[in-house]
Structure formats: structure tokens, C-alpha cells
Amino acid sequence: MQTVFEALASSVGYPVPKGTIEAIAMKRGIYNSLQEEINPQVMSGKAYALCEADMMKYLVTVANVSEGDVSISMSDKDILINTANSVYSAYGEPLIGVPRRPTVENLSDE
């Protein structure tokens, strides 16, 4: 059986450095679970999904991702962005490449 770390590491189809996965897991609150056995509850959870999306964001925002014979094409980056953004959208997180719009509130008594 795989650990949570191993499942995350293999989930996006491209190599992500161990330290990056650990930092993302810490940010999302599942760092202490990385060495536990993966299970359906973890895999279907918000924190795990957001970790995957964060890993995709990492892959599309690093200057050049290639390791051995693996590299990410522009069409692959578009797929990663769209997939990550669908997860971010589902959980109300900021989207990749979409600037936040300022909001205006009328404070007058009219």
C-alpha cells in the first residue's frame, strides 16, 4: 500500500521535489499524515485535492521543468492549469493566472 506522500508524488504525472511536496502538505495541513497509508477518505478530502492543485501550480510556474526524459509542453501546462483551477474554484481558492478583481463598496447613506 502507498503512503500519502507516495500517492501525492505520483498524482500529477511529473516529478515534484520532495521538499516541495512536504512544504505544500504543511501549508495544507496534512504534513503529519504523509507517512500514513493512503485511504479513500484522505484521497477524497479537500486538503489532498488542494495539495494536488498546488503541485500542478508549482509545475506550471517554475521556469523550466525537465528531469531526465520528462518535460512539460505548453499544452500540458494548459491542462495542468485548467485542472488545478477547477479544484481551486471548487474550494473558493484564487485561480492561477486570473487576477483578483477589486471590489467596491458604497459607504454613503444614500
Side-chain angles (χ1 to χ4, degrees):
M1 208 50 161
Q2 282 188 325
T3 64
V4 173
F5 178 86
E6 292 166 336
L8 278 173
S10 65
S11 69
V12 294
Y14 295 96
V16 176
K18 179 181 178 187
T20 301
I21 296 170
E22 291 172 341
I24 288 169
M26 186 169 289
K27 173 184 169 188
R28 296 298 181 182
I30 65 168
Y31 179 81
N32 291 335
S33 301
L34 287 178
Q35 297 310 313
E36 294 177 9
E37 195 171 284
I38 192 69
N39 61 61
Q41 292 79 17
V42 171
M43 289 187 84
S44 63
K46 175 182 177 179
Y48 186 88
L50 289 170
C51 282
E52 288 180 315
D54 290 346
M55 290 167 49
M56 291 177 220
K57 180 179 179 179
Y58 163 80
L59 288 169
V60 298
T61 57
V62 293
N64 183 14
V65 176
S66 79
E67 183 174 309
D69 294 330
V70 178
S71 64
I72 300 178
S73 69
M74 286 307 292
S75 62
D76 290 341
K77 283 188 176 189
D78 288 342
I79 292 168
L80 289 170
I81 289 169
N82 291 336
T83 304
N85 278 345
S86 69
V87 173
Y88 289 142
S89 179
Y91 292 109
E93 297 270 327
L95 305 180
I96 301 168
V98 178
R100 290 187 179 202
R101 292 184 176 194
T103 57
V104 178
E105 185 177 338
N106 184 353
L107 300 177
S108 67
D109 289 334
E110 295 180 44

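Heavy-atom basis, side chains included; hydrogens, waters and symmetry copies ignored. All residue numbers in this chain count up from 1 along the given sequence.
- Listed by chain and number, the residues in a side-chain hydrogen bond (donor to acceptor under 3.5 Å, both in side chains) with D78 amount to none (sequence neighbours excluded).
- Of all heavy-atom pairs spanning C51 and A25, the tightest one is SG-CA, 3.9 Å.
- For S10, the side chain to side chain contact (heavy atoms under 4.5 Å, CB included) test picks out Q2, with sequence neighbours left out.
- Counting all heavy atoms, side chain and backbone alike, Y91 lies closest to A49 at CE1-CB, 4.1 Å.
- The nearest pair of heavy atoms linking A84 to A53 is CB-O, 3.7 Å.
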I'd like a table of donor-acceptor pairs (distance under 3.5 Å, sequence neighbours excluded) in which one partner is a side-chain atom from residues 27-36, with atom names and distances.
from, atom 1, to, atom 2, distance (Å)
R28, NE, D54, OD2, 2.7
R28, NH1, E93, OE1, 3.4
R28, NH1, E93, OE2, 3.3
R28, NH2, D54, OD1, 3.1
R28, NH2, D54, OD2, 3.3
R28, NH2, E93, OE1, 3.2

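- The two atoms that bring L80 and V60 nearest to each other are CB-CG1, 3.7 Å, heavy atoms only.
- Rounded to the nearest 0.5 angstrom, M55 CE and Y14 OH are separated by 13.0 Å.
- In terms of the salt bridge (Lys or Arg N to Asp or Glu O under 4.0 Å) criterion, K46 has no residue partners (sequence neighbours excluded).
- Here the CG atom belonging to L8 is positioned 13.5 Å from the NZ atom belonging to K18, to the nearest 0.5 angstrom.
- With rounding to the nearest 0.5 Å, the separation of CD in E52 from CD1 in I21 is 11.0 Å.
- There is no path of hydrophobic side-chain contacts, each under 4.5 Å, that joins I81 to I79.
- Remark: S44 engages no residue in a side-chain hydrogen bond (donor to acceptor under 3.5 Å, both in side chains) (not counting sequence neighbours).
- In this structure, the side chain of N85 engages the main chain of I96 through a donor-acceptor pair within 3.5 Å.
- Taking every heavy atom of both residues into account, M43 and Y48 meet most closely at O-CD2, 3.6 Å.
- Residues satisfying the salt bridge (Lys or Arg N to Asp or Glu O under 4.0 Å) test with E6, not counting sequence neighbours, are none.
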